[in-house]
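First up is the structure itself, then whatever we jot down about it.
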Amino acid sequence: MDLSLAQVPVGRVHVIAERCKQCDFCITYCPTDVLIYSEETNAKGYHYPMVAEGKESACVHCRFCDLICPELAIYTTDVADEEDASGESDAG
Amino acid sequence: MDLSLAQVPVGRVHVIAERCKQCDFCITYCPTDVLIYSEETNAKGYHYPMVAEGKESACVHCRFCDLICPELAIYTTDVADEEDASGESDAG
Amino acid sequence: MKRSAAKMSDTKNVSASTTSQVRFGGVGGQGIVLAGRLLGLAAAIFDGKEAVCTQSYGPEARGGASKTDVIISDKPVDYPFVIEADVLAVLFQEAYVKFRPSLKAGGTLIIDTELVTPAEDDKDVIGIPATKIAENLGTRLATNVVILGYVVGKTNVVSRDSMVEAIRTIMKPKIVDLNIKALDAGISLAQSDGVS
Amino acid sequence: MKRSAAKMSDTKNVSASTTSQVRFGGVGGQGIVLAGRLLGLAAAIFDGKEAVCTQSYGPEARGGASKTDVIISDKPVDYPFVIEADVLAVLFQEAYVKFRPSLKAGGTLIIDTELVTPAEDDKDVIGIPATKIAENLGTRLATNVVILGYVVGKTNVVSRDSMVEAIRTIMKPKIVDLNIKALDAGISLAQSDGVS
Amino acid sequence: MPDSAIAAKVQADRKPRVLTGTHFMLGDHACAEGALAAGLDFFGGYPITPSTEIAELLARRLPPLGGRFVQMEDELASMAAIIGASAAGARSFTATSGPGFSLMMENIGLAAMLEIPCVIADVQRASPSTGLPTMVGQSDILQARWGSHGDYGIIAYCPSSPQECFDLTVRAFNAADQYRVPVFVLMDEIIGHMTERVIIPAADDLPFVPRKGPRQAPGGEPFLSYAPDEDMIPPIAHAGEGYRVHMTGLTHDERGYPALDADTHNKLINRLVDKIRLNAPDIVMYEEIAVEDADTIVIAFGCTARSARHAVIQARSEGLKCGLLRLITVWPFPEQRIRELIKRGKVKRFIVPEINLGQLRREVERLTQLPVERLNHAGGAMPVPDAILEMIRS
Amino acid sequence: MPDSAIAAKVQADRKPRVLTGTHFMLGDHACAEGALAAGLDFFGGYPITPSTEIAELLARRLPPLGGRFVQMEDELASMAAIIGASAAGARSFTATSGPGFSLMMENIGLAAMLEIPCVIADVQRASPSTGLPTMVGQSDILQARWGSHGDYGIIAYCPSSPQECFDLTVRAFNAADQYRVPVFVLMDEIIGHMTERVIIPAADDLPFVPRKGPRQAPGGEPFLSYAPDEDMIPPIAHAGEGYRVHMTGLTHDERGYPALDADTHNKLINRLVDKIRLNAPDIVMYEEIAVEDADTIVIAFGCTARSARHAVIQARSEGLKCGLLRLITVWPFPEQRIRELIKRGKVKRFIVPEINLGQLRREVERLTQLPVERLNHAGGAMPVPDAILEMIRS
Amino acid sequence: MTVTEQIIHPAANLHPIDHLLRADRLPHILCPGCGIGTVIHAYAHAIAGSGIDEDKHVCVSGIGCSGRAAGYMNVDSYHSTHGRALPFALGIAVYKPELNVTVISGDGDLTAIGGNHLIHAARRNVNLNVICINNFNYGMTGGQVGPTTPIGAKGTTAPNGAVEHPFNLPYLAKATGAVFVARWTVLHVREFQEAILRSMEKTGFCFIEVLAPCPTSFGRANNIGDGLHEMEIYRERCRIENGASNLEELDIDLIDESKSITVGNFVDIERTPFTP
Amino acid sequence: MTVTEQIIHPAANLHPIDHLLRADRLPHILCPGCGIGTVIHAYAHAIAGSGIDEDKHVCVSGIGCSGRAAGYMNVDSYHSTHGRALPFALGIAVYKPELNVTVISGDGDLTAIGGNHLIHAARRNVNLNVICINNFNYGMTGGQVGPTTPIGAKGTTAPNGAVEHPFNLPYLAKATGAVFVARWTVLHVREFQEAILRSMEKTGFCFIEVLAPCPTSFGRANNIGDGLHEMEIYRERCRIENGASNLEELDIDLIDESKSITVGNFVDIERTPFTP
């Protein structure tokens, strides 16, 4: 599997909690182990991913959590991009 | 194409004239050119094969005319067999 | 229009209409369907009559007796098949056997002498050498048009000119002249009989 | 027999029959279909009553609210679905929202406190820690039987013995004892309320 | 290895062919157990909701009993395969729902034309097209009669309970063999997915009607696969029995050979239809409740008949003169019985509730000018008893 | 190279799309010319007697006109392909006969459910099964109405002449687009294989009814593919037009999204049936001869109507009070007109000759208790006028 | 040893193999020069030579000219629906494994409308002998092109020549799991007969493609002339390569005279047969 | 450079690719751990990355869990009948060649009931992108085995394990004429997405098999546990071999842990596309 990264930016993790079904893919396959499960559950009763304590700067915006997610429930943005004040996300 | 013969017996040609549709296969592919067309036609108006003059002993009972015939209208028997007085034909 | 109500006049003296029932009998590949279509075309389009052409198909593409019926009338033709043939033209022995009963008493029976041998007791059979004539014209493929020409010459059910138009309409240009020759050969043979 | 004509007596005082309508609401994988079948089996086979069990399927194999209805009566059951539930037991929030209206006024509403949060204005809700109880027995998979036990203890719609027989009949031997424990835990919890 | 697999299954599953006893059983499973009890030899099927439970049970139960279970590549293949197996002598069966039933239509016509017995369960769902796959419908009724091109006869049973899923499936196999015809068990999703008491009799108490075999030894005079007896049913010989049969979907003579003429066709097809039409008195089944003096007769089948029964009994208890005619066979349609009821002159109207837009109602309308009131739903829900009761009261 | 091939064809065949003029034309060819004249864009078909001549003509004529001709692998594929092409905006068409028609049934249901217009010619032959492939039948009449699972509405035209093969095929394309429904041209082998005068009008004189398109630009509010106007027909948007439509055979809401509940299903399916049933007055076509004072009315269609016409005119000339109601649409069935004729009180009986075992007769029986006399043949031959005449006289 | 005379038999009677044919139905309906009759003939000889009880042979056909084959075989024989001969035969073969079931049908029946059943029967390795008579078109309906029509060859539905890439049937059969795969022509009647015998010996899915002339439809449309002329094409251009490894290259091009047609027995392997 | 925070979005809103999905229909009906959602997601990204006008993309599906894919794509999308997605799509692609038509459906839909259309669409080289989601069983109906179920794997219609030899889909696609053939798993999501893009670029019949977990049916029946466990099988046993020449050897055996699963882009050739 190719998890190689183009560069090493800092990413911001976005979670759409209500879509999550707790499949574990994003948490398991995050190359930098950024994610853990939330305490709370969403309406369907699933625990959803969140950034682990101490991992706040660990996301490298590799987008694997985004691409692998069957529910379109998570994605990341490049903090640098945001500082270029480009409001719209073009993660796609 | 394999037209080789096991031995060289003498064959007798049997024609079921009313089945013939004059496709030419037996006449064309007889290895010893035994067959020609009849003058007369059958009920459907087809000329059927018959042994050419001078070819009376030419049939080697290779059975190709029989096997290739789409109409089951011709077969040969081994004269020798007949002299063994085995009445029934077992060309099949 | 959703609905067309026929005037009562439509329903008057239908029996007055004159209708010709022509049947061609043969075997797949002899072009009897073409013969029927030529006749129907000549009648329906160039003679301004009503005409219907139908054919029966057997399972065999080759070797089975088949027929083509042409009904020509001065009134719309309803039933599209021959019930009692005024003319029966046959090019194949099996077809002769199969369709002979469909000829009405006193109807015209035409056979190709080379292809059909009528029953001994079969009277008033008109045998013509259509195949030979066609061969003399260059191809036995024109046999169907020779016999068609004979039917036309014998019955005048359509005009010769309409037949020529029909041939020009349906056939490939390069075989038109040949077939007109075949048509005329049939017509003149019929007229030379002096029967019609 | 091609034909069976019912005696008129069949048609007398049907309304006299006593019928219980029990509905289980949950989500695929919680075993509410099994709960319903156990209840129906106990009633129909071991208590000699009439019983029908039906379930609704959604398109989702997982994640959609689903229900199982059990109708138990001393007369043949015709309509096989709950019209007004005497008992509604729910193990899933969506199912609570979807099926709450089907409970008749004064009917018994049972929820798993861990899985369902009732509306503030929802009165007379019986919340039980079925999941917790099942976990204490060794597996939350027995949650369905715990709540089933509670229903049985609460309503006596079938006898405890029949329920045990039903469990023995349907379930794999190695999990029978566990589920009987779960059943009894539910029953005793219900009776300890002293409501029934 | 498949043999060892079968051996393994026999180990794994020692259940007898006939599950004699009292059960709390799913309708689909009761249908499958009925097929087994009837002596099922071959099942060819394809998964489709809501019939899949039938195949799933047979996949477990049939091989250990020596039968053959094949999941085919599609419903066309399923239908062709069960005809082939039956041509070799197997009691054969498939189960499907609307979309698969549509795909089977061409070969249902073949089974009718070849007069090869087979049984097809159609667990009806809300249709047309994909519709509501998990929800109830009763809208394949006319398709079952007319779905394949041309005229032909069939038999169709409509169970109203899991018990009838068992009983009528057994009966379907017997009728298929007795009349050499494809027979349908027209279930609906509610009946198929309903669990209720099912009593299975002892094997010896089950009816068994064998196929009529040749009354001549093989090898002699040619056997005539299509020479009917007085009951209009010809005896049948199977592949491998030595009779050298030929069967064709073409119009054929009594020997089974193609005979491509209108007279042969007319004679053959009329027999295919008449062998069911004229034997209808022996085939038709229905249940009646209180029709004797009824001015209102409800005609219903399948799950709908359950609500109708409840409504009629309720209405009777209110003193209303109504009755129920519950159709157990929808095809042949019990024309004769309905004409009798009309002739009595007591009935003033019919009410026909169905989970379709009025299919069986059309059959009733053919028989009478009395009002035939409709209670239709296109699918997804069955009528509640009160809806029918309201119509009776009105 | 296929493009060059098309170019070559254009060279080879300069005939215009509409063959304006008077022709002596085969019924099958007149049907194909009707499709071309109606603006056919896509044909997907499979060879089957007696419809093959339709495909063969289109294989020559359609590509040079810029249309697409595809010979598919089977009839299931043919039907699916013409629905797909129509979903992209094509006027699409297939032609078949009984066995192929049976195979198309599932996807005919899809076309009805998706409300995607398409035209299917079924040249009926003697059936069931393979039957008599080269001989006439009229026994797909009820299959055309009920052959797919579930309830749905369709339109079916029955030409009685090559001229009507042309006229009604043109009409079929217009009706399909106007009502968003599959439309059948139910020919029979005799009409399909009959050669007769066909007059093709000038292109501008041909009726053309376009599909109702969206009344909104793409990209704005979601387009509702299933929001009907007052005529019960929703506008349609096609693949590639930017409306991002979704269409599913599942029960769906006005947006086209799956909505798996009984109420949505009931509403949708009732509309699918009612949009034809309630628009029937605009759709139904028939021809009448001398019905005004008739005590005997013959009801016939297709080739059978030709013998019926002859018999009725003959009988009238004999002073018998009879008339002919020739059905041009068999579906929707002209119920209203027949009720009117009955209400006049003059008609004493109906005679329904058909080349099947009494399919349309059933529809007449639903409307009256008057005698409905049958003249049926299972297939292979059409009734001679005298047979009908005898019944009129009797 | 006497000299040959010749015997003209009356119509009724009697070719030595007639007992395996429904001789009362001869002459058959097939056209002069059509190769299907030779296939029927070869199958009869194979039955006789198989050493298997004739009553244990079963023949199943689909629809089309080749589909008529079953109707002429004097064994239990079934003429099913278009494309469904294989699942019909599967039902027989699975229920009565003691029977030797041969499916004889055409290229259109088995590979166009019946293609799905072909690949699944091969995948399952159902114990069937399949003789696929390939005449490159639909004969019964009058010469439409099909999935075996060579590119450029004409048919009534491809008046300017077929544009679709045709199936390479031996490759398709191998790729889907057949345990015996051969291609012959009716001219190679001895080898063809041997191949049928081999398929009768083997347990599993055996597939034999046999090329046969269709003078009336395919021949006429493509100026091949009569059946004999198509036979001559086979004679001139067929190359026997038993065990050919490059099955993916065995496409048939009848039009380009420089291209040879590879025939032979290509695959003969063992694989667990289907016994559900 | 700031440190990451995390943003929890409300349900309604809004993944960056949502504009290519019918987001109002999310969450979809598929089970937790099912891989089909990842395929939908990858197809959306491929559309966005294709450089082709979104309005020119069309998605067609058949029936089954995978058949629901079309219903979630915010392009013109059609949910047809079981097995008929390919001929339905052919009608669109042939009539409007300017459209980029992708068929997304399941193994059962495309290779069991739809198998005939698959081999004929490949043979014709119809310009379609086919994404065949292989989860080794029928999920929607509750886990029956099918033509892709590995021998020995269990399903509700094979309680003792499947005995039929399964299809090797890349080999079948190549043997019938596909111009682009690939096999990936949803874990290889980047490579899979690249393969979809390639199929969108190419004119002709492109076939991508993508393995996806079905925890509820296949996983449970075969003790694989949840979707993650099946993903772990892919991670441990998949071997990437682009351009693999030995396609006939690429059968999948999920049960035997010693067997590797070959994935990659196997075929990428040019052949005259179907333009009737």
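Small disclaimer: the values here were computed from a predicted structure and weren't measured. A, B, ... follow the sequence lines: proteins, then strands. Residue 1 opens every chain.
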Between G249(F), G44(F), G89(F), the one whose heavy-atom pairs under 4.5 Å with chain H are most numerous: G89(F)
Portion of V245(F) that has a non-hydrogen atom of chain H nearer than 4.5 angstrom: both
Atom group of D24(H) that falls short of 4.5 Å from chain F, counting heavy atoms: side chain
Short side-chain donor-acceptor distance under 3.5 Å, R211(F) and N174(F): no
Side chains of N107(F) and T81(H), donor plus acceptor under 3.5 Å: yes
Aromatic ring proximity H41(H)/H15(H), centre distance under 6.0 Å: yes
Interface moiety of E241(F) toward chain H, non-hydrogen atoms closer than 4.5 Å: both
When H79(H), M73(H), E54(H) are compared by non-hydrogen pairs under 4.5 Å with chain F, the top option: H79(H)
Reported CD1-to-NZ distance for the pair I47(H) and K56(H), which is rounded to 0.5 angstrom: 14.0 Å
Contact leader toward chain F among H120(H), H57(H), R22(H), R84(H), where contacts are heavy-atom pairs under 4.5 Å: R22(H)
Presence of salt bridge, R68(F) and D41(F), under 4.0 angstrom: no
Which residues share a ring pair (Phe, Tyr, Trp, His ring centres under 6.0 Å) with H82(H), sequence neighbours left out: Y46(E)
Residue, of S86(F), G109(F), A85(F), G84(F), that accumulates the most heavy atom pairs under 4.5 Å with chain H: G84(F)
Contacting moiety of I83(F), where chain H heavy atoms sit under 4.5 Å: both
Pair E209(H)-N134(H), side-chain donor/acceptor within less than 3.5 Å: yes
Residue R123(H) versus chain F: region with a heavy atom under 4.5 Å: neither
Sequence-distant partners of F218(H), ring pair (Phe, Tyr, Trp, His ring centres under 6.0 Å), two or more places apart: F136(H)
Closest-packed option against chain H by number of heavy-atom pairs under 4.5 Å, given S92(F), A87(F), P258(F), A81(F): A81(F)
Proximal component of F69(F), with respect to chain H [non-hydrogen, under 4.5 Å]: backbone
Between S78(F) and E75(F), a side-chain donor and acceptor under 3.5 Å: no
Table please: side-chain donor-acceptor pairs of residues 217-228 of chain F below 3.5 Å, with sequence neighbours left out.
residue	atom	partner	partner atom	Å
Y226(F)	OH	L114(F)	O	2.7

Chain F neighbours within residues 89-111 of chain H, where any heavy atom lies under 4.5 Å away: L90(H), G91(H), I92(H), V94(H), Y95(H), K96(H), P97(H), L99(H)
Lys/Arg N to Asp/Glu carboxylate O, D55(H) vs R244(F), below 4.0 Å: yes
Cationic N near anionic O, under 4.0 Å, E33(F) to K15(F): no
Portion of H117(H) that has a non-hydrogen atom of chain F nearer than 4.5 angstrom: both
